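Remember, predicted model here, so these are calculated numbers, not experimental data. These numbers come from the heavy atoms of this one structure, side chains and all, not from hydrogens, waters or symmetry mates. Counting convention: from 1, in listed order, for ligands and their atoms alike.
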Amino acid sequence: MTDCIFCKIVDGDIPSAKVYEDEEVYAFLDISQVTKGHTLVIPKQHTKNIYETHPQVASNLFARLPKIASAVKEAFQADGVNIVNNNDEAAHQSVFHLHIHVLPRYGKGDGFGLKWEDNSGKYTQDQLTETAHSIASKIS
Ligand code: 5GP
Ligand code: ZN
């Protein structure tokens, strides 16, 4: 896609700090380096977000994550790694070429935060079943 910055990175038209490349996948350092080693993993084939991604493209992309995440963790002896994928502006997607963030973690105050409300016990089993059915009915 001509006006996509990540396609331009794949094509070498915009410089990037490459971490890994094969026929289907490209991985490079995120310019923002939320934490040291913050890496983006993308399919070479342009796809806007997770919803529009062909299952085979998603499969190829995810298949590379174990070794890339392991390398990111090992390189700087991180304590852990978060794998994050944002879709739509409401979910903080700012580049509309599917990408997976690999974020090494170095303890409290390392630059990455995730608000995670625990609503355990808030819903009855019937309510959870109803919610699950709403989602299941949309899976084709
Ligand atoms: P999003 O917010 O869409 O999930 O993440 C997009 C990421 O792309 C951001 O973390 C941002 O720092 C990164 N980014 C945007 N432009 C460039 C660029 O030109 N080069 C690199 N390496 N990263 C970029
Ligand atoms: Zn693209």
Side-chain angles (χ1 to χ4, degrees):
M1 211 191 177
T2 48
D3 61 349
C4 169
I5 57 170
F6 285 180
C7 283
K8 286 180 181 162
I9 283 175
V10 168
D11 292 342
D13 296 336
I14 292 178
S16 66
K18 182 169 87 175
V19 166
Y20 174 82
E21 180 176 18
D22 62 32
E23 277 191 7
E24 283 104 14
V25 169
Y26 191 84
F28 58 105
L29 291 188
D30 188 307
I31 203 162
S32 70
Q33 289 297 285
V34 170
T35 58
K36 186 176 173 66
H38 176 189
T39 296
L40 297 174
V41 188
I42 66 173
K44 286 187 170 178
Q45 183 179 314
H46 181 87
T47 177
K48 188 176 168 189
N49 52 39
I50 197 69
Y51 326 115
E52 296 183 9
T53 299
H54 189 282
Q56 191 56 57
V57 173
S59 174
N60 289 338
L61 184 63
F62 210 84
R64 275 45 165 204
L65 286 175
K67 64 181 174 187
I68 295 173
S70 300
V72 167
K73 182 171 188 237
E74 203 181 320
F76 304 109
Q77 296 85 46
D79 302 318
V81 171
N82 284 104
I83 306 282
V84 176
N85 163 237
N86 302 327
N87 297 282
D88 301 314
E89 276 178 43
H92 298 284
Q93 184 176 12
S94 61
V95 175
F96 294 90
H97 178 132
L98 180 71
H99 51 280
I100 308 288
H101 294 263
V102 179
L103 290 142
R105 303 301 308 276
Y106 304 101
K108 275 191 179 157
D110 65 0
F112 180 72
L114 200 59
K115 187 167 176 276
W116 196 281
E117 259 173 43
D118 183 351
N119 289 315
S120 310
K122 187 173 173 185
Y123 300 103
T124 64
Q125 191 56 47
D126 283 349
Q127 287 171 321
L128 293 175
T129 299
E130 195 183 325
T131 301
H133 281 164
S134 299
I135 299 167
S137 70
K138 300 293 181 193
I139 298 176
S140 51

Under 4.0 Å from any heavy atom of F28, which atoms of ligand 1 are there?
21 (C), 22 (N)
Which heavy atom of the protein is the closest neighbour of [atom], given with residue, atom name and distance?
atom                    : answer
atom 14 (N) of ligand 1 : I31 CG2, 3.9 Å
atom 16 (N) of ligand 1 : I5 CD1, 3.3 Å
atom 12 (O) of ligand 1 : D30 OD1, 2.6 Å
atom 18 (C) of ligand 1 : I9 CD1, 4.1 Å
atom 3 (O) of ligand 1  : S94 N, 2.6 Å
atom 2 (O) of ligand 1  : H92 O, 2.7 Å

Quick check: does any side chain N or O of Q93 sit under 3.5 Å from a backbone N or O of K48, one acting as donor and the other as acceptor?
yes
Which atom, counting only N, O or S, brings H97 closest to the Zn ion (ligand 2)?
ND1
Name of the H46 atom (N/O/S only) found closest to the Zn ion (ligand 2):
ND1
Is the ring pair Y26/F28 parallel, tilted or perpendicular, if the boundaries are 30 and 60 degrees?
tilted
Any N or O of I14 closer than 3.5 Å to N or O of ligand 1
no
